[in-house]
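What follows is a set of notes on a single structure, which appears directly below.
Each chain gets a letter, A, B and so on, in the order its sequence line appears, and its residues count up from 1.
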There are 2 protein chains.
Amino acid sequence: MENFSLIKKTQIFDGVEENDVQAMAHCFRIRFRNYNKNNVISPQGAPLEDVILLLKGSANIENMDATGSVSVLMNIKAGQCYGLVEACHGDECYSSSLIASENCLVMLIAKHRLINPCENKCPRHLTVIKNIMHSLASRGMYFMDKINHLTKKKIREKVLSYLKSQSIRQNSTYFDIPYNKTELAEYLAVDRSALSSELSKMKAEGIIDFDKKHYHIKRDLDSI
Amino acid sequence: MENFSLIKKTQIFDGVEENDVQAMAHCFRIRFRNYNKNNVISPQGAPLEDVILLLKGSANIENMDATGSVSVLMNIKAGQCYGLVEACHGDECYSSSLIASENCLVMLIAKHRLINPCENKCPRHLTVIKNIMHSLASRGMYFMDKINHLTKKKIREKVLSYLKSQSIRQNSTYFDIPYNKTELAEYLAVDRSALSSELSKMKAEGIIDFDKKHYHIKRDLDSI
DNA sequence: TAAATAGTGTTGTTTTTACAACAAAAAGAG
DNA sequence: CTCTTTTTGTTGTAAAAACAACACTATTTA
């Protein structure tokens with residue numbers, strides 16, 4: 001099946017052979033689903049029975065608070081999981097919603113099977129467990145990074161902190177981000193129009209350039 | 001040795017028998033250190049060779065940025081680890097500093113031994129690995145919670161979000177927090193004097209009461 | 001116990017942000 | 001291609017926060 005070649009490239013099945021994945025498929029109760037752009041893959045507060053593994057596309061993890069205001073926690077890409085942190089923590093519900101930001105193919109994995117591997121000695125279970133560990137740690141690092149952006153007091157500092165981090169991650173001063181301006185404002189927890197005017201100012205000052213989701217940091221990273 | 005009774009109560013050695021911990025001690029290259037209140041347990045940017053397990057006391061994880069402004073990432077208590085996320089992610093340096101907020105006893109564990117357990121089949125290694133997984137997941141949940149606080153736009157919303165979360169965690173509307181006012185401001189990334197006046201207003205309005213590190217939420221949690 | 005230090009609350013001023021409203025541009029649907 | 005919807009940039013105003021300075025209290029330390 002074509003999907004299995006995608007599975008091999010995911011974080012949690014890294015280093016697992018395709019026939020081993022096939023063997024685990026039944027045990028993990030895997031199922032596949034397709035979603036169109038902007039559709040809800042998983043709604044906030046839904047019971048958490050599966051870990052959702054993104055095989056194609058990308059999606060935003062979003063939160064809506066009691067007052068109805070929306071924030072974007074992060075964007076996940078093909079190969080990454082949604083709900084793994086909650087599943088390993090023992091939560092009963094998804095604490096956020098997952099919204100397709102492109103057309104998506106996802107794989108559902110029964111969470112209790114994934115995090116409590118059966119007791120046979122096959123080494124692929126250990127591989128998956130190690131991959132899950134690494135995946136959880138990466139998510140933790142990602143959150144610390146985001147907390148660093150949010151900790152900055154001024155909008156300009158928040159944006160530059162985020163853009164610098166993206167620049168380092170993508171190893172270039174030219175890079176794409178997964179958010180449009182509205183989503184970037186929701187990600188950085190600032191007002192959209194204030195963000196827009198701050199970006200315009202920085203463009204006018206020659207600090208950055210941008211077009212749609214493409215950005216360019218023109219100054220030395222250390223000087224800003 | 002007296003210390004081993006403390007180790008049994010930590011997150012990552014939960015469910016491991018004392019004699020098993022003794023057996024692992026050599027393999028993990030464990031060492032003990034004492035620190036007085038306000039001393040630096042680990043400085044920002046130090047090479048990361050050990051995971052630091054707090055056995056007694058509590059400590060703040062702090063970040064200082066290029067401009068010299070300090071933020072408090074979180075406070076960890078006896079039983080919790082510092083540096084586990086970075087170690088499992090494969091980082092070479094601590095990305096933050098660890099400052100004793102009380103007198104502390106810590107245990108150092110060689111990180112490569114902890115996260116790459118030797119290949120014998122003893123079940124306690126699997127137990128430790130599972131505990132590490134759970135510990136990483138808890139840290140992830142904690143960070144998501146903190147991101148929710150920081151995502152709020154107004155100081156009052158940030159404080160109430162944090163206090164509500166503490167109230168739920170401690171299962172009472174009367175609770176202690178690990179921060180004084182200065183540290184709370186550094187934790188919530190707001191100005192100390194602005195925080196102080198906002199707290200005073202909320203006290204005057206009868207929403208909360210507080211004294212030192214002790215707080216009381218007087219209104220229904222859902223209504224605020 | 002006295003002196004020094006650290007923590008807290010208050011206030012006024014300046015800076016920054018949120019908010020609201022609108023126009024223009026771009027993207028998507030039929 | 002045209003109409004509709006979404007996204008983006010701009011501006012002015014009101015609200016909120018940062019900042020700075022100071023007084024007072026609590027806590028350490030000598």
For [X] and [N], give me the distance from atom [atom1] to atom [atom2], rounded to whole Å.
X: B/Ile177; N: C/dG7; atom1: CD1; atom2: P; answer: 14 Å
X: A/Glu157; N: D/dA18; atom1: CD; atom2: P; answer: 11 Å
X: A/Glu186; N: D/dT6; atom1: CD; atom2: P; answer: 14 Å
X: B/Asp211; N: D/dT27; atom1: CG; atom2: C1'; answer: 14 Å

No-hydrogen, no-angle side-chain donor-acceptor test under 3.5 Å, A/Ser58 and A/Glu102: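 Note: A/Ser58 and A/Glu102 side chains meet the donor-acceptor criterion.
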
Nucleotides 8-17 of chain C: protein proximity per nucleotide (B base, S sugar-phosphate only, - neither; heavy atom, under 4.0 Å): BBBB----SS

Degree of bending, the helix from C/dT1-D/dA30 to C/dG30-D/dC1 (end axes from five pairs; round to 10°):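 About 60°, once rounded to a multiple of 10°.
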
Parallel, tilted or perpendicular: rings of A/His134 and B/His89 (30°, 60°):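 The rings of B/His89 and A/His134 lie parallel, inter-plane angle below 30°.
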
Point-to-point distance, once rounded to the nearest 0.5 Å, from NE2 of A/His149 to CG of A/Leu188: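 That separation rounds to 7.5 Å.
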
Thinking salt bridges, do [X] and [Y] make one under a 4.0 Å N-O criterion?
X: A/Arg192; Y: A/Glu183; result: no
X: B/Asp145; Y: B/Arg169; result: yes
X: B/Asp50; Y: B/Arg31; result: yes

Distance flag, aromatic centroids of B/Tyr187 and B/Tyr162, threshold under 6.0 Å: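 Yes, the ring centres sit under 6.0 Å apart.
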
Residue of the set A/Val40, A/Asn60, A/Val106, A/Ile52 for which side-chain contact (heavy atoms from CB on, under 4.5 Å) holds with A/Leu98: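 When A/Val40, A/Asn60, A/Val106, A/Ile52 are each tested with A/Leu98, the side-chain contact (heavy atoms from CB on, under 4.5 Å) holds only for A/Ile52.
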
